[in-house]
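Owing to the predicted nature of the structure, the values given are computational and were not obtained by experimental measurement.
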Amino acid sequence: VAFLRSEPAKGALDSVDPETYAPECWKLIGRELFIWYANGQGKTKLVGGFPGRQLKVPATVRNWNTVVKLHDLTAP
């Protein structure tokens, strides 16, 4: 998950052709960009700060295991 500092402009990913990065795919929901690395993050075509660069918003990326652990640490 890429956690964005702010919500990107509407249509910020419209100019990105998903087929260029297949089989990777993503879904932008508010300030989170959920990314699926089909062959693992080490072999992805989505390199060089893809979320922040394409959306023009600073982002930090965490894998799903880390997101779940952070949630568990902060849950009441």
Side-chain angles (χ1 to χ4, degrees):
V1 179
F3 295 96
L4 309 173
R5 181 176 289 171
S6 59
E7 199 164 322
K10 203 158 193 82
L13 288 174
D14 289 352
S15 65
V16 180
D17 180 9
E19 291 302 314
T20 302
Y21 299 100
E24 280 84 20
C25 58
W26 56 83
K27 174 80 175 181
L28 178 63
I29 302 174
R31 290 179 40 200
E32 290 79 39
L33 181 66
F34 295 86
I35 306 167
W36 182 59
Y37 297 104
N39 299 311
Q41 195 170 0
K43 296 179 181 178
T44 184
K45 297 176 190 176
L46 299 172
V47 295
F50 172 79
R53 188 180 72 244
Q54 293 297 329
L55 299 172
K56 297 182 173 72
V57 174
T60 185
V61 179
R62 298 293 178 264
N63 71 40
W64 192 249
N65 289 332
T66 300
V67 171
V68 170
K69 286 178 185 176
L70 288 170
H71 173 267
D72 291 347
L73 286 171
T74 59

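- Contact annotation: the side chain of Tyr37 never approaches that of Asn63 to less than 4.5 Å [non-hydrogen atoms, C-beta and beyond].
- The two residues Pro8 and Val57 make their nearest non-hydrogen contact at CA-CG2, 3.9 Å.
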Residues 12-36, side-chain donor-acceptor partners within the protein, below 3.5 Å, at least two apart:
{"residue": "Asp17", "atom": "OD1", "partner": "Glu19", "partner atom": "N", "Å": "3.1"}
{"residue": "Thr20", "atom": "OG1", "partner": "Asp17", "partner atom": "O", "Å": "3.2"}
{"residue": "Glu24", "atom": "OE2", "partner": "Thr44", "partner atom": "OG1", "Å": "3.4"}
{"residue": "Arg31", "atom": "NE", "partner": "Leu4", "partner atom": "O", "Å": "3.2"}
{"residue": "Arg31", "atom": "NH2", "partner": "Leu4", "partner atom": "O", "Å": "3.3"}
{"residue": "Arg31", "atom": "NH2", "partner": "Arg5", "partner atom": "O", "Å": "3.3"}

Hey, can you pull the donor-acceptor pairs under 3.5 Å for the side chains in residues 69-76, sequence neighbours left out?
{"residue": "Thr74", "atom": "OG1", "partner": "Leu70", "partner atom": "O", "Å": "3.0"}
{"residue": "Thr74", "atom": "OG1", "partner": "His71", "partner atom": "O", "Å": "3.2"}

